[in-house]
Amino acid sequence: MSVRVRYAPSPTGLQHIGGVRTALFNYFFAKSQGGDFILRIEDTDRERYSDESLQDLYDTFSWLGIEWDEGPDKGGEYGPYVQSERFDMYREYADKLIAEGKAYKCYCTPERLEALRTEQQKDKKAHQGYDRHCRDLTPEQQAEYEKQGIKPVVRFKIPLDGKTVFHDVLLGDVKRKNSDISPDPVLLKSDGFPTYHLANIIDDHHMNITHIMRAQEWLPSGPLHILLYQAFEWDPPTYCHLPMVMGKDGQKLSKRHGSTSLRDFIAKGYLPEAIINYISLIGWAYDDSREFFDKADLEKLFVLEKLNKAPGVFDYKKLDWFNGQYIRKLSDEELKAKIIPYLQDSGNVDNPPSEAQDAMLNGLIPIVKERLKLLSDIVPMTAFLFSDISGYPAEDLIPKKKDAASTLEILKLGRPLIEKMAELGPDGEAQDEALEAAFKALSEESGFKLGELLSPLRVAVTGSRVSPPLFASIRLLGLKTALERIDEAVKKLE
RNA sequence: GUCUCCUUCGUCUAGUGGUUAGGACACCGGGUUUUCAUCCCGGCAACAGGGGUUCAACUCCCCUAGGAGAUGCCA
């Protein structure tokens, strides 16, 4: 039987690292096995549902370049792939369970359940959860509740004794006493919608899903799901509970740890290649040394056997490092295309870029490429080219161990060389080398170190002690503006 | 509280009875460099603890401790 796996997100929020990791692992497993990857929308929570999250799902995966073989937008022979469109099915199966005595209607109000829960928490009762109040209602009692117009939920009868075991590819056999399983979970809500547990089992069965790969937070639901498969007399799929992704403090990754939604990562300028590569390495490793994998590699190399059991901490710094690596692998043209939107958003470049701006961009790419970690870094890194920089403190102009007077001297010494840069050679590396030679000569002649000579000029031109290479920056800025800035620096010191 | 899962450098990990316990990120130092970054070199740093099993345990078993997750008409 060929492998069929699914990613089944609920459109109640933005796609986040954890969900995407689960999707990726499912996808890579399917592809490595020559199987199919299916997308199913689990929109049974109509209170938290939002169109925006649904759109975000599509946007995120299209950005990642991950495609499913079957899904709402693609079709397929097992559709519909949206649970709200499979509504009737769930009701029928719930009724079937009731008829067979495997489930029952419960008329308890949310208020009663809430009160029950707080009381249990207060008393630290050994067993928490529903007290099975309605499990054995007489027909008369049921009729009474019905008469009151209470809309019941349908609950599953968890066996009172015995135990349930299921096999997990990663974890082995997971055993649990039935008395420890959440007492009689809700299958059908009072609004007629199924809960995750019911819909999930029914759909996975009908969609012929062979492997369930989901985060370990679902592990406690495993026995319940097995019991449900047994109740329907269906064969359960193979389970594999993936280690969870944690924040720095070891808790489940969440917003307070930093960005978690892919939308945030995209906005900051992470590349899909970096995200895919890094995320795939949380809880999975190929061998003892290889760490670069692209999508195609993982489609071939991913194996369940290499999965780790322990949860992994999401390391933003390592992701940054990967991103820098992937930025450097980009061609100048590719990087330029990716950077333009950031410059446009900041208002520094027109849409589309003017001819002059385009030329400037071409010159910019080579000098920023190995300095970028995030694409968005381009904005602060090049701010001096687009806006006034005169706000820097005068002290910044003064090199270490020097004073204002000698700095003034340095600026006056350096200015003529800059002014004549065009005469030293054509724009580009040749000019850089000639200028550098000129400054080295000046250094020997004047006794100032090369760094001491260039630092004040750098600050004068860029407003910062840290910048892209000075000479190239001056060419991009324009010689005229650069000289004006040097003159302003001189005034600042005087 | 109860149940379940987990436990190798700060972090991600390699390791399947005999290794100087390897790699990467981070960090620290050095080199290249007009600053920064890149790049190169070097360093730091781990088998949670205690019992077994065995000639031999990071590797197998048990206990303890710690961590996490679940305990919803959310998924």
Side-chain angles (χ1 to χ4, degrees), chain A residues 8-10 12-13 19 42 44-45 47-48 106 108-110 113-114 117 120-121 123-130 151-155 168 170-171 174-177 179-183 185-191 193-197 199-200 214-223 241 243-244 246 248 250-252 278 281-291 306 308-322 324 328 367-373 381 432 435-436 439-440 443 449-455 457-459 462 464-471:
Chain A
S10 114
T12 54
E42 306 216 328
T44 55
D45 182 348
E47 288 194 12
R48 293 195 304 151
C106 164
C108 294
T109 61
L113 297 174
E114 181 58 37
R117 204 169 304 136
Q120 285 172 339
Q121 269 163 11
D123 297 354
K124 297 198 169 164
K125 281 259 175 57
H127 276 82
Q128 300 203 354
Y130 182 53
K151 286 224 188 305
V153 300
V154 175
R155 286 182 185 273
D168 183 282
L170 227 205
L171 273 16
V174 178
K175 310 175 187 61
R176 210 168 176 199
K177 283 191 288 195
S179 56
D180 288 328
I181 296 176
S182 172
V186 172
L187 259 24
L188 217 56
K189 307 174 201 174
S190 56
D191 64 2
F193 273 83
T195 58
Y196 167 83
H197 302 297
N200 193 261
R214 43 147 69 150
Q216 268 178 27
E217 57 189 338
W218 289 105
L219 200 53
S221 307
H241 288 88
M244 305 220 302
M246 316 302 244
K248 198 105 197 114
Q251 311 260 112
K252 204 166 145 180
Y278 176 63
L281 260 18
I282 306 175
W284 187 84
Y286 177 67
D287 62 14
D288 62 345
S289 58
R290 179 168 174 185
E291 56 191 344
K306 290 297 205 169
N308 209 298
K309 293 181 190 181
V313 174
F314 188 84
D315 186 349
Y316 289 85
K317 287 218 170 128
K318 186 142 191 184
L319 206 214
D320 285 352
W321 175 77
F322 266 116
R328 264 156 248 138
I367 65 169
V368 297
K369 192 187 246 177
E370 57 193 28
R371 276 164 245 268
L372 294 173
K373 267 206 164 70
M381 196 175 284
D432 284 351
L435 257 175
E436 208 173 314
F439 270 95
K440 276 182 179 153
S443 166
K449 290 179 192 158
L450 187 58
E452 292 168 349
L453 244 26
L454 292 171
S455 178
L457 289 167
R458 179 186 309 283
V459 176
T462 69
S464 167
R465 284 176 171 160
V466 173
S467 82
L470 180 59
F471 307 143

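Not measured: the values here are computed from a predicted model. Chain letters run A, B, ... following the sequence lines, proteins first and then strands; every chain starts at 1.
The interatomic distance linking A/Tyr316 (OH) with B/A26 (P) rounds to 17 Å, in whole Å. If you measure from atom NZ of A/Lys252 to atom P of B/C5, you get 18 Å, rounded to the nearest angstrom. A/Glu114 places its CD atom 10 Å from the P atom of B/C73, with the value rounded to the nearest Å. B/C73 atom C1' lies 13 Å from atom CZ of A/Arg48, rounded to whole Å.
Between atom NE2 of residue A/His241 and atom CG of residue A/Leu170 there is a gap of 10.0 Å, rounded to the nearest 0.5 Å. The CD atom of A/Glu42 sits 10.5 Å away from atom OG1 of A/Thr12, with the distance rounded to the nearest 0.5 Å.
Residue contacts shown for A/Thr44 are limited to sugar-phosphate atoms, with no base heavy atom under 4.0 Å away. Contacts of A/Val153 with the nucleic acid, taken as non-hydrogen atoms under 4.0 Å apart, include base atoms. Counting any heavy atom pair closer than 4.0 Å across all strands shown, A/Pro110 reaches a base atom. Among the atoms of the strands shown, only primed sugar atoms or phosphate atoms (P, OP1, OP2) are found under 4.0 Å from some heavy atom of A/Lys175. Nucleic acid contact for A/Leu470: base, since at least one base atom lies under 4.0 Å from a heavy atom of the residue. Using a 4.0 Å heavy-atom cutoff across all strands shown, A/Asp320 reaches no nucleic acid atom at all. Contact annotation for A/Pro183: no contact, since no heavy-atom pair falls under 4.0 Å across all strands. A/Asp288 comes within contact range of at least one nucleobase, with a heavy-atom separation under 4.0 Å. Contacts of A/Cys106 with the nucleic acid, taken as non-hydrogen atoms under 4.0 Å apart, are absent. Note on A/Ser467: a base of the nucleic acid sits closer than 4.0 angstrom, heavy atoms only. Heavy atoms of A/Lys151 sit nowhere under 4.0 angstrom from any nucleic acid atom.
Of the residues near RNA chain B, A/Lys309 and A/Asp432, the one whose nearest nucleotide (by heavy atom distance) lies more toward the 5' end is A/Lys309. Each of A/Gly312 and A/Lys317 was matched to the nucleotide of RNA chain B holding its nearest heavy atom; the match closer to the 5' end belongs to A/Gly312.
For B/C73, its base sits under 3.5 Å from the side chain of A/Ser190 at one donor and acceptor pair at least. A donor-acceptor contact under 3.5 Å links the side chain of A/Lys318 to the base of B/A24.
Base pairing of B/U54: no nucleotide in any strand meets the Watson-Crick or G-U wobble criterion (both distances under 3.5 Å). Taking a pair to require two hydrogen-bonding distances under 3.5 Å in either a Watson-Crick or a G-U wobble arrangement, B/G66 pairs with B/C6. Look at B/C74: it lacks any Watson-Crick or wobble partner with both distances under 3.5 angstrom. The partner of B/G42 is B/C28, judged by Watson-Crick or G-U wobble contacts that both fall below 3.5 Å. Pairing for B/U59 is absent, judged as Watson-Crick or G-U wobble with the two contacts each under 3.5 Å.
Listed nucleotides: B/A14, B/U4, B/A75. Nearest to the side chain of A/Asn308: B/A14. For A/Gln128, counting side-chain heavy atoms from C-beta on, the closest listed nucleotide (B/A68, B/U71, B/U11) is B/U71. The side chain of A/Ser182 has B/U71 as its nearest neighbour among B/C6, B/U11, B/U71. In this structure, the nucleotide among B/C5, B/C3, B/A14 sitting nearest to the side chain of A/Leu219 is B/C5.
Ring geometry, A/Trp284 versus A/Tyr286: the interplanar angle falls from 30° to 60°, so the pair is classed tilted. Using cut-offs of 30° and 60° for the angle between ring planes, the A/Trp218 and A/His197 rings count as perpendicular.
A donor-acceptor contact closer than 3.5 angstrom is absent between the side chains of A/Ser464 and A/Thr462.
For the OP1/OP2 pair of B/U38 and a distance below 4.0 Å, the side-chain nitrogens and oxygens of A/Arg328 include no atom meeting the criterion. Using a 4.0 Å cut-off, some side-chain N or O of A/Gln251 falls inside it from OP1 or OP2 of B/A68. Using a 4.0 Å cut-off, no side-chain N or O of A/Arg371 falls inside it from OP1 or OP2 of B/U33. Here A/Ser289 does not reach the OP1 or OP2 of B/G22: none of its side-chain N or O atoms lies under 4.0 Å away. When the side-chain nitrogen and oxygen atoms of A/Lys306 are compared with OP1 and OP2 of B/U13, none of them lie within a distance under 4.0 Å.
Going from the C1' atom of B/G17 to that of B/C5 covers 26 Å, rounded to whole Å.
When every heavy atom of A/Arg155 is checked against every heavy atom of A/Pro183, the shortest pair comes out as NH1-O, 4.3 Å. Between A/Thr44 and A/Ala199, the shortest heavy-atom distance links the atoms CG2-CB, 4.5 Å.
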